[in-house]
Protein chains: 2
Amino acid sequence: MSGPALAPVFAALADDTRWQILAELGRCDLSASALAARLPVTRQAIAKHLALLAEAGLVEPVRAGREIRYRALGARLSETARALEAIGAEWDRRLAAIKRLAEERS
Amino acid sequence: MSGPALAPVFAALADDTRWQILAELGRCDLSASALAARLPVTRQAIAKHLALLAEAGLVEPVRAGREIRYRALGARLSETARALEAIGAEWDRRLAAIKRLAEERS
DNA sequence: AGTGCGTGCAACTTCAGAGTTGCACGAGCA
DNA sequence: TGCTCGTGCAACTCTGAAGTTGCACGCACT
């Protein structure tokens, strides 16, 4: 298996609220309080999600004066995408082999 | 945007037992009972996971005599991978634009 | 026909995590 | 120098998901 563990990334991407957060951060860097103002959850909930996302390597904290803004990191997503692509291709390759065998038999 | 629609797929991929199931199905098609014999959980638990995976489009039921075998579908995985790649590229593109602005100002 | 294996449905327990409220701390602005 | 705004930590509730046991149904071989 490749270096970084994918499981935390999947767990992080499984929650809908975290996708909303990521969607906002995809437009511009925002602080936890700023995100709380745009989403229907409290700042503390946002903070927990941001900690989880940072742990998964999907966002990065950036100090801006006295507040802490968060930045969306595309690298981890691309990394995960490539891993998924490889696994999916492997499955389809097995399927293609089975189909080929079935046609040869007939 | 098909962004938030990805959440169910990742919810399906977030569980470790489901990854074990997918790993087994990646080798060959198996029924719920056969999977239960290879994994340390009961058949009913397996059945629930299979229903979830089928709902997410990651697995497909195939009738084989009186039993129902399940097949891993790589298409959904590739589809998800491409969506992730696109989103990640979008984020990095914005970052690159910001960096360019900072360099022009200096 | 009868029987067994595989499947499906339902109730129950357990536990992680999503969200809330409340309060305390501390760095930045006027 | 105050004082405000943003952040961090802790305890609590509550919903949903994972897993179990138990039982009933049905198709498929003998």
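Proteins get letters first, then strands, A, B, ... in listed order; numbering begins at 1 in each.
- A donor N or O paired with an acceptor N or O is found under 3.5 Å between the base of C:dG19 and the side-chain atoms of A:Lys48.
- Between A:Thr17 and C:dA18 there is no side-chain N or O to OP1 or OP2 distance below 4.0 Å.
- By the 4.0 Å N-to-carboxylate-O rule, A:Arg82 lies too far from A:Glu79 to be salt-bridged with it.
- A distance of 5.0 Å separates CG of B:Leu30 from CG of B:Leu35, quoted to the nearest 0.5 Å.
- Following rounding to the nearest Å, A:Leu53 (CG) and C:dA18 (C1') show an atom-to-atom distance of 13 Å.
- The CG atom of A:Leu22 sits 4.0 Å away from the CH2 atom of B:Trp91 when rounded to the nearest 0.5 Å.
- A:Arg43 has its CZ atom 12 Å from the C1' atom of C:dC25, to the nearest Å.
- Look at CG on A:Leu35: it is 13 Å from P on C:dG19, rounded to the nearest Å.
- Contacts of A:Arg69 with the nucleic acid, taken as non-hydrogen atoms under 4.0 Å apart, are absent.
- Here the SG atom belonging to A:Cys28 is positioned 11.0 Å from the CZ atom belonging to A:Arg71, to the nearest 0.5 angstrom.
- Positionally, the nearest nucleotide of DNA chain D for A:Ala32 lies more toward the 5' end than for the other of A:Ala32 and B:His49.
- If you measure from atom CD of B:Glu67 to atom P of C:dC5, you get 13 Å, rounded to the nearest angstrom.
- Here CG of B:Asp92 is found 6.0 Å from OG of A:Ser78. Values are rounded to the nearest 0.5 Å.
- Applying the side chain to side chain donor-acceptor pair (under 3.5 Å) rule to pairs touching residues 38-52 of chain B yields B:Arg18-B:His49, sequence neighbours excluded.
- The nucleotide range of DNA chain D contacted by chain B, defined by atoms under 4.0 angstrom from heavy atoms of the protein and reported 5' to 3', is D:dA18 to D:dA28.
- DNA chain C is contacted by both B:Ser31 and A:Ala45; B:Ser31 maps to the nucleotide lying nearer its 5′ end (nearest heavy atom per residue).
- Between the CG atom of A:Asp15 and the C1' atom of C:dA18 there is a distance of 7 Å, rounded to whole Å.
- Within the nucleic acid shown, A:Leu52 comes within 4.0 Å of sugar-phosphate atoms alone, with no base atom in reach, counting heavy atoms only.
- With the nearest nucleotide of DNA chain C identified for both B:Ser33 and A:Arg63, B:Ser33 has the one nearer the 5' end.
- In this structure, A:Glu103 does not pair ionically with A:Arg100, as no charged nitrogen and carboxylate oxygen lie closer than 4.0 Å.
- For A:Arg18 and C:dA18, the shortest distance from a side-chain N or O to OP1 or OP2 is below 4.0 Å.
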